[in-house]
Amino acid sequence: MHAANLMNKRPLSVTIISYVYMAAGAVGILYHASELKAKHLLQSDVMWVLLLGFTAIVSGVFMLRGSNWAR
């Protein structure tokens, strides 16, 4: 039974990449959030950058949860 437990363990590389995705997404959001202006919210490329950061965070979380689509 112990061997089956080891086979279900997440690889270290997946864990590291997941945390890197989440950290990069969070840093990107924090860095670019100051560039948002309420007047030009929809005309700004910053919205795409923020969406990409959010996507990186979501992907990292679901990679940690073991979702195949996130990998």
Under 3.5 Å, is there a donor-acceptor pair between the side chain of T55 and the main chain of L51?
yes

Minimum heavy-atom distance G25-A56, with the two atoms named
CA-CB, 4.0 Å

Test V49 against I29 for side chain to side chain contact (heavy atoms under 4.5 Å, CB included), laying out the working first.
CA-CA 8 Å; V49 173; I29 288 173; over 6 Å; no

Apply side chain to side chain contact (heavy atoms under 4.5 Å, CB included) to the pair L64 and Y19, showing each step before the final yes or no.
CA-CA 8 Å; L64 286 176; Y19 284 118; 3.9 Å; yes

Would a single hydrophobic cluster contain both L52 and I57, if residues Ile, Leu, Val, Met, Phe, Trp and Tyr are joined by side-chain heavy-atom contacts under 4.5 Å?
no

Please name the pair of heavy atoms, one in M22 and one in G60, separated by the smallest distance, quoted to 0.1 Å.
CG-CA, 3.8 Å

Partners passing side-chain contact (heavy atoms from CB on, under 4.5 Å) against I16 (at least two apart in sequence or in another chain)
L12, V20

Does T15 have any side chain to side chain donor-acceptor pair (under 3.5 Å) partners at least two apart in sequence or in another chain, and if so, which?
R10

